Amino acid sequence: MLLDELRAEPALAYFIKSECCDQGICVDFDPAIPATDFVIIKVDDFYADAIRAGDRPKSPDCLIVQRCADGKFHWFVVELKSVQSQGSGDLKREEIWEKFHTCLTDFMSNRFRQFFYNPDYEFNLHLVLVAGKMAEKFKRNFDFKFLLGLKPLYFANKIIGVQGENPNPLVRPC
């Protein structure tokens, strides 16, 4: 099964973590989802370790692989950003696009193709930018309209758009 195969992959072992967090922003999981039904891979940590040169590609924070009750999977490629203002000035469209592109075309389609192009696994792919200003007791909602201007991203002959979420989004049972 895919989750067991990912956990057993030596090249990923160090990058499989129990949470998807960065800059004080996390992806939360519905308590009804058992920890055995998902794997979190820290993609950005993988590239930081694998490519130590200054020209390493920009990459997203996490890839979450969730097993659904029907045997299908939800895959979430997640970029987490703490922003200082409501406008998208803190976020560069080209950088956001490059992060998702790297994960789709290199990480999933090249380096770990045996997992993500396996015809035995049906999936729904979600590209998610989680952005907002975090403070001790509040979070500020963020305007994601700028995502409409991103170039299309492709994976497995499908066009995939990036969706915006405010901190801290919840992965729900599928």
Side-chain angles (χ1 to χ4, degrees), residues 1-30 33-52 56-68 71-82 91 95-131 144 147 150-174:
M1 194 223 10
L2 179 58
L3 299 181
D4 295 331
E5 292 172 12
L6 290 169
R7 288 182 185 111
E9 171 59 42
L12 293 175
Y14 180 73
F15 307 103
I16 293 177
K17 304 296 181 183
S18 60
E19 62 181 16
C20 176
C21 292
D22 192 51
Q23 300 179 357
I25 298 175
C26 298
V27 173
D28 294 327
F29 290 80
D30 186 304
I33 303 172
T36 55
D37 280 354
F38 62 87
V39 168
I40 300 169
I41 303 168
K42 294 288 284 186
V43 178
D44 198 38
D45 291 353
F46 171 84
Y47 279 99
D49 189 69
I51 304 173
R52 296 184 186 264
R56 77 176 178 98
K58 295 185 183 327
S59 53
D61 292 299
C62 305
L63 170 60
I64 300 169
V65 179
Q66 177 188 15
R67 178 180 49 213
C68 301
K72 296 180 182 176
F73 294 89
H74 281 192
W75 299 343
F76 300 90
V77 179
V78 181
E79 173 62 13
L80 305 164
K81 284 289 186 186
S82 177
L91 301 170
E95 290 180 8
I96 298 298
W97 183 88
E98 182 182 346
K99 289 177 182 223
F100 289 110
H101 184 260
T102 297
C103 189
L104 297 176
T105 61
D106 185 56
F107 191 84
M108 296 171 73
S109 298
N110 183 20
R111 295 175 189 261
F112 299 103
R113 183 179 188 88
Q114 71 271 26
F115 304 117
F116 300 107
Y117 273 85
N118 186 327
D120 293 337
Y121 303 130
E122 291 185 52
F123 66 90
N124 290 314
L125 177 61
H126 308 274
L127 307 179
V128 184
L129 170 64
V130 180
F144 292 100
L147 291 174
L150 287 181
K151 293 186 292 187
L153 290 149
Y154 300 91
F155 182 80
N157 296 321
K158 296 177 185 174
I159 298 174
I160 312 292
V162 177
Q163 62 194 58
E165 293 279 345
N166 290 301
N168 287 325
L170 183 69
V171 174
R172 292 178 170 72
C174 27

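Note that the structure is a prediction, hence the values are computed from the model and not measured.
- Between the side chain of E79 and the main chain of W97, no donor-acceptor pair closer than 3.5 Å is present.
- A salt bridge is absent between K58 and E98; no separation between the charged side-chain nitrogens and carboxylate oxygens falls under 4.0 Å.
- The shortest non-hydrogen separation linking F46 to F107 is CD2-CE1, 3.7 Å.
- Contact detail for L129 and F100: the closest heavy-atom pair is N-CZ, 4.2 Å.
- Among all heavy-atom pairs drawn from I41 and L6, the shortest one is CD1-CD2, 4.3 Å.
- Scored by the side-chain contact (heavy atoms from CB on, under 4.5 Å) test, A11 finds E9, F112 as partners (sequence neighbours excluded).
- We find that D44 and R56 are joined by a salt bridge, their nearest charged nitrogen and carboxylate oxygen being less than 4.0 Å apart.
- Counting heavy atoms from C-beta on, the side chains of L153 and H101 come closer than 4.5 Å.
- Taking all atoms of both residues into account, the shortest heavy-atom contact from Y121 to L2 is OH-N, 3.2 Å.
- By the 6.0 Å contact criterion, OH on Y117 is enclosed, its count of non-hydrogen atoms from other residues, nucleotides or ligands being greater than 12.
- Without hydrogens or angle criteria, R67 side chain to T36 main chain gives a donor-acceptor distance under 3.5 Å.
- Scored by the salt bridge (charged side-chain N to carboxylate O under 4.0 Å, His left out) test, R111 finds D106 as partners (sequence neighbours excluded).
- For residues 10-22, no pair satisfies salt bridge (charged side-chain N to carboxylate O under 4.0 Å, His left out), with sequence neighbours left out.
- From W75, atom CH2 reaches atom CZ of F155 across 5.0 Å, with rounding to the nearest 0.5 Å.
- Partners of K42 by salt bridge (charged side-chain N to carboxylate O under 4.0 Å, His left out), not counting sequence neighbours: none found.
- For R7, the salt bridge (charged side-chain N to carboxylate O under 4.0 Å, His left out) partners at least two apart in sequence or on another chain are D4.
- In terms of heavy atoms, L125 sits closest to V77 at CD1-CG2, 4.1 Å.
- With sequence neighbours excluded, the residues satisfying side-chain contact (heavy atoms from CB on, under 4.5 Å) with P173 are D30, A32, I33.
- Considering C21, C20, C26 in turn, C20 is the only one that fulfils the side-chain contact (heavy atoms from CB on, under 4.5 Å) rule with C62.
- S59 approaches T102 most closely through the heavy-atom pair CB-CG2, 4.3 Å.
- Within a 6.0 Å sphere centred on CD of Q114, other residues, nucleotides and ligands contribute more than 12 heavy atoms.
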